[in-house]
Structures are given as C-alpha cells and as structure tokens.
Amino acid sequence: MAIAHNKSELMKVTAKEWDRIYLLLKDFPEELAVLPDEEGFSVKDVVMHRAHWISLFLRCYHDGWQTIDVLFPKKNYRRSELKRYSLALRQREKDVSWTEALARLDTAHEEFVSLIETLSDVQLYGAPMEGAHNSWSTGRWAEAAGASHLRLASKYVLKRLRDMKQ
C-alpha cells in the first residue's frame with residue numbers, strides 16, 4: 001500500500017519503518033534469529049530477503065532493468081512465483097551469518113537513503129520508472145522495496161517474538 005506521494009513523505013515513511021525494524025533487530029539473539037518457523041523461514045531469512053529487495057531496486061535504478069538479469073524480480077520468475085523465488089534466495093544465502101545479514105540490510109538501507117536524498121520529487125514521482133514496463137514511479141518502486149518490505153519484516157519479527165514466548 002503506497003502512502004508516499006513525494007520525496008518528503010517517502011523519506012518519512014522510510015525512516016519510520018527503518019527505526020521500527022532496527023529496534024527489533026539490533027539486540028536480537030543469533031540463536032533465535034536462525035531458528036526456523038513452521039514453514040522453514042527464520043528472522044535471518046527475512047532480513048536477507050529485505051536486503052536483497054532493496055539492493056535489487058538499487059540495481060534496477062542504477063543499471064536499468066534491461067541491462068541486468070532482472071525481469072520482476074528475476075528471469076524465469078513471474079509475480080505469482082515469488083514464493084519460489086524466495087525459496088531459491090533463501091537456499092543461496094543459507095550460509096550467511098546473522099551478523100552479515102544485519103550488515104547487508106544496514107548497507108542496503110544506507111545506499112537506498114543516499115539515493116533517495118539525491119532525487120527530486122519529479123525524479124521520484126513525475127513519471128513511471130524507466131524500464132519498469134508499468135506505471136509505477138521510481139518513488140513507488142522505492143517505497144515497495146524499502147518501507148513496505150521493512151514494515152512486513154517488522155510484523156514478521158514481532159509475530160516470531162510472540163510465538164517464541166508461548
């Protein structure tokens with residue numbers, strides 16, 4: 001659900017969701033972060049997934065959708081196959097440590113915020129994102145990859161914390 005319509009709103013919602021997830025993750029114990037849920041996903045997997053999507057947005061913005069192996073979200077995957085895509089990503093990143101997962105999310109977030117700071121309202125919301133083959137603006141894509149994904153990650157982490165206490 002898009003809530004930002006300009007750069008200021010995008011920066012605000014991004015900061016809000018980053019602050020929320022950061023507070024949840026900064027002291028999260030590794031032994032709990034790698035513990036899988038009933039579907040086999042862990043908090044670490046969710047963190048890696050979020051870092052990946054932010055980095056994917058950044059690559060699409062900087063390199064263009066046509067110049068990299070990305071066709072939302074990757075060749076041979078359709079939107080309806082995101083679960084399969086996520087499973088492949090989880091398998092590929094299974095040996096990444098909790099510390100590295102947090103570092104990747106932090107780095108992706110810093111790069112994301114740095115990019116957004118350099119763009120104007122017109123660059124963010126004035127037209128569809130170049131090469132995206134849909135009507136979403138760069139700002140809308142940024143919110144989807146950034147704040148929206150961080151919001152979902154926070155909900156997942158909170159749910160896992162509640163489940164672990166039971």
Side-chain angles (χ1 to χ4, degrees), residues 1-63 70 72-73 82-83 85-86 89-90 92-126 129 132 136-166:
M1 169 175 130
I3 57 174
H5 299 94
N6 59 49
K7 178 179 175 174
S8 176
E9 291 174 357
L10 179 61
M11 292 297 287
K12 238 182 244 177
V13 71
T14 299
K16 175 185 171 188
E17 297 304 336
W18 176 255
D19 290 347
R20 181 179 293 159
I21 194 69
Y22 179 79
L23 285 174
L24 290 170
L25 297 177
K26 70 181 181 87
D27 297 320
F28 204 92
E30 181 169 5
E31 61 274 9
L32 297 179
V34 299
L35 191 65
D37 63 16
E38 62 279 351
E39 293 183 29
F41 287 93
S42 68
V43 169
K44 184 197 85 160
D45 294 330
V46 169
V47 167
M48 288 299 300
H49 185 83
R50 282 9 184 211
H52 171 77
W53 277 91
I54 294 169
S55 297
L56 185 61
F57 164 77
L58 292 168
R59 284 180 30 219
C60 290
Y61 181 82
H62 289 301
D63 299 339
V70 174
F72 194 83
L82 288 177
K83 188 169 187 167
Y85 180 81
S86 295
L89 176 64
R90 182 177 64 170
R92 190 180 80 218
E93 305 290 353
K94 67 180 167 82
D95 295 327
V96 172
S97 71
W98 174 235
T99 302
E100 177 63 20
L102 291 173
R104 287 187 191 184
L105 181 63
D106 189 52
T107 298
H109 175 72
E110 286 178 14
E111 291 173 5
F112 178 84
V113 170
S114 292
L115 171 65
I116 301 307
E117 287 174 340
T118 68
L119 301 176
S120 69
D121 279 336
V122 171
Q123 290 170 306
L124 286 166
Y125 293 98
M129 185 168 165
W136 282 19
S137 66
T138 300
R140 178 63 189 101
W141 277 105
E143 186 174 349
S148 293
H149 266 239
L150 294 174
R151 186 178 310 113
L152 291 171
S154 292
K155 287 178 183 179
Y156 177 83
V157 171
L158 286 169
K159 181 185 180 314
R160 288 301 309 275
L161 285 170
R162 281 192 306 272
D163 293 348
M164 289 174 190
K165 287 181 181 177
Q166 294 177 354

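Distance check, rounded to the nearest 0.5 Å: CH2 of W141 to CZ of F57 gives 9.5 Å. Within the model, atoms CE of M48 and NE2 of H52 stand 9.5 Å from one another, a figure rounded to the nearest 0.5 Å. Distance check: I54 CD1 to H149 NE2 gives 8.5 Å after rounding to the nearest 0.5 Å. One finds the CZ atom of F28 at 9.5 Å from the CD1 atom of I21 (value rounded to the nearest 0.5 Å). The structure places NZ of K155 at 12.5 Å from CG of L150, a figure rounded to the nearest 0.5 Å. One distance of note links CZ of R50 with CG of L105; it measures 10.0 Å at 0.5 Å rounding.
A heavy-atom distance below 4.5 Å is found between the side chains of E9 and N6. Between Q123 and T118 there is no side-chain heavy-atom pair separated by less than 4.5 Å. In this structure the side chain of L24 never reaches within 4.5 angstrom of the side chain of V43, judged on heavy atoms. Between I116 and T14, the closest side-chain pair of non-hydrogen atoms is not below 4.5 Å. Within the 4.5 Å cutoff, the side chain of M129 has heavy atoms near those of the Y61 side chain.
A salt bridge is defined here as a Lys NZ or Arg NE, NH1 or NH2 lying under 4.0 Å from an Asp or Glu carboxylate O, and R20 with E17 meets this definition.
Across M164 and L32, no two heavy atoms sit closer than the pair CE-O, 3.6 Å. A33 and S42 make their closest contact through O-CB, 3.2 Å (heavy atoms, listed as atom of the first residue, atom of the second, distance). Heavy-atom minimum distance, A108 versus L58: O-CD1, 3.9 Å. Shortest non-hydrogen contact noted between P29 and W98 is C-NE1, 4.5 Å. The nearest pair of heavy atoms linking A153 to V46 is CB-CG1, 3.8 Å.
Ring planes of W53 and H49: tilted class, angle from 30 to 60°.
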Could you walk me through whether V157 and V47 pass side chain to side chain contact (heavy atoms under 4.5 Å, CB included), step by step? CA-CA 10 Å; V157 171; V47 167; 5.8 Å; no

Trace of the side chain to side chain contact (heavy atoms under 4.5 Å, CB included) decision for D37 with Y156: CA-CA 11 Å; D37 63 16; Y156 177 83; 2.8 Å; yes

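No donor-acceptor distance shorter than 3.5 angstrom exists from the side chain of D163 to the backbone of R160, with no hydrogens or angles considered. The backbone N or O of L124 sits nowhere less than 3.5 Å from a side-chain atom of K7 that would complete a donor-acceptor pair. Put simply, the side chain of K44 gets close to the backbone of V96: a donor and an acceptor are under 3.5 Å apart.
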